[in-house]
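In what follows, a structure is listed as structure tokens, so that the remarks can point back to it.
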Amino acid sequence: MSSEDGEKGPPREENPAGGEQLALIRETVRKSKEPKAKPRTWRGAPLAEGLPVARVLVDKGLLHLDQFFDYAVPAAMDEKAQPGVRVRVRFGARVVKGRREGGSLHDGFIVERRAESDFRGPLAPLAQVLSTEQVLTPPLLKLCRQVADRYAGALADVVQLAVPPRMARAERDTSPDPRPHPAVPDPGSWQRYATGPAYLQALARGDTPRAVWLALPGPHWPQELALAVATTLASGRGALAVLPDGRAAARVDAALTEILGEGRHVLLTADAGPEERYRRWLAVSRGAVRAVIGTRAAMFAPVADLGLVAIWDDGDSSHLELHAPQPHARDVLLLRAAEERTAFLLGGLTSTVEAAQLVESGWALPLAASRDAVRAAAPLIRTVGDGDQARDEAARAARLPSIAWQVTRDALTRGPVLVQVPRRGYVPRMACDNCREPARCTTCAGPLELRDQGGTPHCGWCGRPAADWHCPECGGFRLRAQIVGARRTAEELGRAFPKVPVRTSGRDTVLGSVGAAPALVIATPGAEPVADSGYAAALLLDGWALLNRPDLRAGEEALRRWAHAAALVRPAGEGGTVVVLGEPTLRPVQALVRWDPAGHALRELAERAELRFPPVSRMASVTGPPAAVADLAETVRLPPGTDLLGPVPLPVPASGPGRTRRHGEPPPGEQWERLLLRVPPGTGSALAASLKAAQIARATRGGNEPVHIRMDPTDIG
DNA sequence: AGCACGCCGACT
DNA sequence: GTCGGCGTGCTC
């Protein structure tokens, strides 16, 4: 936990140049050269007396220009037209022979009521107040604005993510008044962490402690997260916890219900359906419910008097919003922690480099268990490297090392065995054939890719060919792109133990839990069922598939997935054993063996800093048709010290049947390019601001093909 | 983004 | 003479 001064923001950058630049654009776009006039309407209809002007965020009207439009408030709508309500307005009318004509109806939100407008022309009247519900309240608007600026995105896009679509029926229900605060709960299993009870005490006092929490393996974390939420409620404040998927959210929801009973919190996930979800969201927005457990869309939940924001497993890719501007739940919660002066809790079995950076910078304190407690909770980890497999006759015959057979046979007498197999569709990356160090560009340290078989590898970032590559670690000069086939191995296991039931859990059918009886449970990462009394053993067969991905996070991700499976296994003291197929010299394998996720994240962070990778340096990607990317690169006024990497042709995404095109992907048949921009630490927000300014300038000029801008892209190798 | 106004080539 | 090319500007 950190000091309880609410003043300090997260290690977010100051934004002098950027902020001014944006403000300047908003002003010039407004073009209010002439003195303010009294608001007039088109036909002189009677206006509201007090504040006759409504500033409106028009949905999809020029959303890339990111500006508001003023409308006149007819007297009849005066009372209903409050800030935050949804309205309908005419937009896009033209003056034809002194008469206004056309203009289609658009939805929007009233952002502010004002006495006068700085628009010189006559104001159109609001067409309709759709609902009196004040959904886009000033604090929520401010959050949306900050997120839009952080991601060089449009405010209207963020608002669309933050405010759920209206379901009229849900608005008719009246929400109950909030109940009195619950009592402070017992710290329970938080006592296993040296500073755990102190963290809860700080929450109970109304302080704002900030911690990165490395959870012990085992089934306790949902209760612990629920306890943090309940303790914050006891202090009289609200709390918000964001989880990567519905399953995890349901577990925390159940734990919180057990502590507080029904009615003090809501579960905001997609499974509830749009109407029920809006009903729950309204209960939060109206202040009737002050605790929210949910998946990523809940990161915007307008909790009244927020006291704690929490996120579980921030390395899970589900925390990244898929819609523009693709904000990450961790970053949104960091913005909220600063703006709303709340406590912060980032928990997981492993640590992302971003989490490690929060600790390194001193903004958050580590909340971890002692080595003894870790040893008591973790299973025994055994590794099988390539050398072992080569020497192992049985492995060559059956494609599974004999250690794995022994462990499985033994464990199946005591309970279920989890077999983690890779998901389909991994793109292998190039690595040294000799020592398997990932191959990187000697100029910009981007990943090497083989575009056509037998050709020269090229850098995936700057496009330079790497004809004379040699390994900086071992001097080797041969590259390999390895492929793995572990699924068949799992099938063979099933045949080898014919008396044992085989259960599978994967993409289409995810099992929630399995019993304590012996069984082989085959699961892909993320779909592992919980075993009622823990697994007796686990086999992690997807080592190379995880580590060979063209992603900066390959190591972090491998450790994260292994740890998730291993945490479902009984402690070593109860015979729990994990076999991981992976070279014991590799950093993530070592970290798993020692159960030292913090050390792993710190080393990754140091390496990122050295190579000038995110999150130490900040990056943005610009993708689009080659001419558009080049044009933006020419238009943009970048902060000093910006590196331009590329542009390179964008890899064409695998177009499977039924696969919908994601934001920022080229339409079928088009070849797009990607330019990467890299700035030194502390310049990220200036970079975002310049890109947003260039984006707006290009859109205003017209006739330009749009480009997609992404801050902190992750899939760049 | 749409949509209209504006100033230069081939047609009834 | 005018029909229409899409370049430029505006939308409260």
Side-chain angles (χ1 to χ4, degrees), chain A residues 25-48 51-75 77-78 81 83 85-130 136 141 148 153-160 323-325 624-625 627-628 631-632 635 663-664 667 692 694-709:
Chain A
I25 279 164
R26 280 178 202 131
E27 279 318 301
T28 45
V29 160
R30 206 176 293 283
K31 282 198 176 120
S32 51
K33 289 162 203 149
E34 285 171 35
K36 288 179 185 177
K38 277 185 198 148
R40 293 168 291 141
T41 68
W42 297 351
R43 304 242 160 107
L47 295 185
L51 299 168
V53 176
R55 187 147 279 185
V56 174
L57 173 72
V58 182
D59 199 21
K60 296 191 177 84
L62 271 49
L63 60 77
H64 52 281
L65 287 192
D66 231 10
Q67 65 181 85
F68 300 130
F69 293 89
D70 287 347
Y71 284 81
V73 182
M77 297 183 194
D78 187 15
V85 303
R86 291 180 222 254
V87 289
R88 195 160 273 173
V89 293
R90 267 189 197 287
F91 186 80
R94 309 237 81 235
V95 182
V96 181
K97 289 181 230 148
R99 270 229 130 67
R100 275 189 134 85
E101 277 178 15
S104 48
L105 284 172
H106 288 252
D107 287 355
F109 299 90
I110 295 185
V111 151
E112 191 188 352
R113 286 285 297 270
R114 326 181 91 220
E116 48 186 22
S117 170
D118 42 20
F119 181 65
R120 55 202 170 85
L123 300 184
L126 296 174
Q128 190 189 352
V129 175
L130 284 169
L136 185 61
L141 174 68
L155 176 65
D157 280 342
V158 181
V159 168
Q160 202 160 16
H323 298 104
D631 178 59
L632 182 123
T635 310
H663 179 78
K692 194 166 176 173
Q695 180 88 308
I696 289 171
R698 270 174 44 79
T700 311
R701 231 187 305 143
N704 286 313
E705 285 184 286
V707 293
H708 292 270
I709 291 171

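No experiment lies behind these values; they were computed from the predicted model shown. Here is how names work: the chains are called A, B, and so on, in the same order as the sequence lines, proteins then strands, and each is numbered from 1.
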Send over the distance from A:His106 NE2 to B:dA1 P, rounded to a whole Å.
14 Å

Distance in angstrom units between A:Phe91 CZ and C:dC12 P, rounded:
6 Å

What pair of heavy atoms forms the shortest contact from A:Ala127 to A:Met77, and how long is it?
O-CE, 3.3 Å

Taking OH from A:Tyr71 and P from C:dT11, how many angstroms apart are they, rounded to a whole number?
11 Å

Let's go through A:Ile110 and A:Val73 carefully: what are the C-alpha distance in whole Å and the side-chain angles of both, what is the deciding distance for side-chain contact (heavy atoms from CB on, under 4.5 Å) to 0.1 Å, and is it a yes or a no?
CA-CA 11 Å; A:Ile110 295 185; A:Val73 182; 5.8 Å; no

Quick one: pull up CZ in A:Arg55 and CG in A:Asp118 and give me the separation to the nearest 0.5 Å.
5.0 Å

Send over the distance from A:Gln67 CD to C:dT11 C1', rounded to a whole Å.
9 Å

Atom CD of A:Glu112 to atom C1' of C:dC12: distance rounded to whole Å?
14 Å

Write down the atom of A:Asp157, the atom of A:Pro325, and the distance for their closest heavy-atom approach.
CB-CD, 4.3 Å

Without decimals, in angstroms, what is the distance between A:Phe119 CZ and C:dC10 P?
11 Å

Would A:Phe69 count as stacking on C:dC12 if stacking means ring centres less than 5.5 angstrom apart and planes tilted under 30 degrees?
no

Atom-pair distance (CZ on A:Phe68; C1' on C:dT11), nearest Å
17 Å

In whole Å, I'd like the distance from the CZ atom of A:Phe109 to the C1' atom of C:dC12.
18 Å

